[in-house]
Amino acid sequence: MAFLFKIKSLTAGYDEHVVLDNIDFTVSENDFIGVIGPNGGGKTTLLKIILGLLKPISGSVEFNEPLLKRSRIGYLPQMSAGDNSFPVTVTDVILSGLMIEKGVAGRMSAEDRKKASAVISDLGLEKIKAKPLTQLSGGQLQRVFLGRAIIGAPRLLLLDEPDNFVDTSFELDFYEKLHELNERMGILMVSHDVGTISSHVKSFACVNRKLHYHPSPEITNEQLSEYNCPIQLVTHGRVPHTVLQKHE
């Protein structure tokens, strides 16, 4: 399987405050990696490095240029309740995902609108395509912004805490759609909900200043401790429960 990008001996941070320290990381075609770690551990910084929004202090990011350029990366940022306040329609938002390649002043062609229609159909948004964002539920908003991220047919999709704003009724559909997308693109998904995403991802990257790659969707508290990844592990079963560290 060909690689999409390789991070080599990379250190990054803000105003000389190191957030990621000498990390190595390779993402290949059709990877589906859950990125986990504590708040402030460097997960979002890792995404900024991949997107080219932050320059490393040292080290490098090597892209497999025949397969992936930064313009072929789809990005779904963290969402909040305020993200539906813009007076634009569903179709307008999805079309805006083509602005990277066309430029802000670029005119949308008939072919562009054909792409948007295909994405709208694929995500089940036909009935609301003309509605403004202010009239949408959380799950509908998530589908709209996912549509914006994938309209350019990216080879890599970055998701930053997508489960923060998903309706419970839409959660299964959302992950089923990600599985379909994973057949034609690699996916990196930042999430705090290890128990839920472990049913969907193929592997984990534990990020807390350092980066430890775990090549399996099954991860234990002992392994999280070994990786210095102090997050809460919630397991799911007939009776959902939380596994806590043993008290001394």
Given side-chain contact (heavy atoms from CB on, under 4.5 Å), test I120 with T91 step by step and report yes or no. CA-CA 8 Å; I120 287 168; T91 299; 3.6 Å; yes

side-chain contact (heavy atoms from CB on, under 4.5 Å), that's the test. Do L158 and L76 meet it? Break it down for me. CA-CA 6 Å; L158 306 180; L76 180 62; over 6 Å; no

Does L46 form a side-chain contact (heavy atoms from CB on, under 4.5 Å) with I7? I'd like the steps, not just the answer. CA-CA 10 Å; L46 176 65; I7 291 176; 3.7 Å; yes

Applying side-chain contact (heavy atoms from CB on, under 4.5 Å), run through D193 and I36 and close with a yes or a no. CA-CA 8 Å; D193 190 351; I36 59 175; over 6 Å; no

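Summarising the local packing, CD of E65 is surrounded by more than 12 heavy atoms from other residues, nucleotides or ligands at distances under 6.0 Å.
At least one side-chain heavy atom of I33 sits less than 4.5 Å from a side-chain heavy atom of F25. Side-chain contact between Y75 and L51: present, with at least one pair of heavy atoms (C-beta onward) separated by less than 4.5 Å. Two residues are said to be in side-chain contact when any heavy atoms from C-beta on lie closer than 4.5 Å; L159 and V190 fail this criterion. Between F5 and N64, the closest side-chain pair of non-hydrogen atoms is not below 4.5 Å. Contact annotation: the side chain of L10 never approaches that of I57 to less than 4.5 Å [non-hydrogen atoms, C-beta and beyond]. Side-chain atoms of R72 and L156, non-hydrogen and from C-beta on, never get closer than 4.5 Å to each other. Between I94 and F145 there is no side-chain heavy-atom pair separated by less than 4.5 Å. Contact annotation: the side chain of P230 never approaches that of L224 to less than 4.5 Å [non-hydrogen atoms, C-beta and beyond].
Closest approach of Q135 to Q140, counting heavy atoms only: O-OE1, 4.3 Å. Residue P154 comes nearest to A149 through the heavy atom pair CG-O, 3.7 Å, listed as atom of the first residue, atom of the second, then distance. Of all the heavy atoms in A116 and L95, the pair that sits closest is CB-CD2, 3.8 Å. Residues N208 and N228 share a closest heavy-atom pair of ND2-O, 3.0 Å. Taking each heavy atom of C206 and C229 in turn, the nearest pair found is CB-SG, 3.6 Å. Closest heavy-atom contact between A12 and P56: CB-CA, 4.3 Å.
To the nearest 0.5 angstrom, S137 atom OG is 7.0 Å from R143 atom CZ. The structure places CZ of F174 at 10.0 Å from CG of L123, a figure rounded to the nearest 0.5 Å. We find the CG-CD distance between L98 and E111 to be 10.0 Å, quoted to the nearest 0.5 Å. Put simply, CZ on R209 and CG on N22 are 10.5 Å apart, with the number rounded to the nearest 0.5 Å. Annotation: the span from I151 atom CD1 to M99 atom CE amounts to 10.5 Å, rounded to 0.5 Å. Between the CG atom in D24 and the CG atom in L211 there is a gap of 9.0 Å [rounded to 0.5 Å].
Cluster membership check: Y14 does not share its hydrophobic cluster with V18, using side-chain heavy-atom separations under 4.5 Å among Ile, Leu, Val, Met, Phe, Trp and Tyr.
Judged by distance alone, the side chain of N182 and the main-chain N or O of H179 form no donor-acceptor pair under 3.5 Å. Distance alone, capped at 3.5 Å, is enough to place a donor-acceptor pair between the Q223 side chain and the T220 backbone. In this structure, Q142 contributes its side chain and P162 its backbone to a donor-acceptor pair below 3.5 Å. Distance alone, capped at 3.5 Å, is enough to place a donor-acceptor pair between the S216 side chain and the E218 backbone. Remark: side-chain polar atoms of S198 are paired, donor with acceptor, to backbone N or O of G195 under 3.5 angstrom. S117 places a side-chain N or O within 3.5 Å of a backbone atom of R113 that can act as its donor or acceptor partner.
Taking 4.0 Å as the cut-off between side-chain N and carboxylate O, D21 and K210 count as a salt-bridged pair. The pair K177-D122 counts as a salt bridge, with a side-chain nitrogen and a carboxylate oxygen less than 4.0 angstrom apart.
Remark: K6 qualifies as a cation-pi partner of F3 under the 6.0 Å distance and 45° angle criteria applied to the six-membered ring.
Each of H212, H214, E222 was checked for a side-chain hydrogen bond (donor to acceptor under 3.5 Å, both in side chains) with Y227, and the lone residue meeting it is H214. Tested against L133 for a side-chain contact (heavy atoms from CB on, under 4.5 Å), the candidates D92, V88, T89 yield a single pass: V88.
Ring geometry, Y175 versus H200: the interplanar angle falls under 30°, so the pair is classed parallel (tilted spans 30 to 60°).
A donor-acceptor pair shorter than 3.5 Å cannot be found between the side chains of K202 and N30. D160 and T44 share a side-chain donor-acceptor pair at under 3.5 Å.
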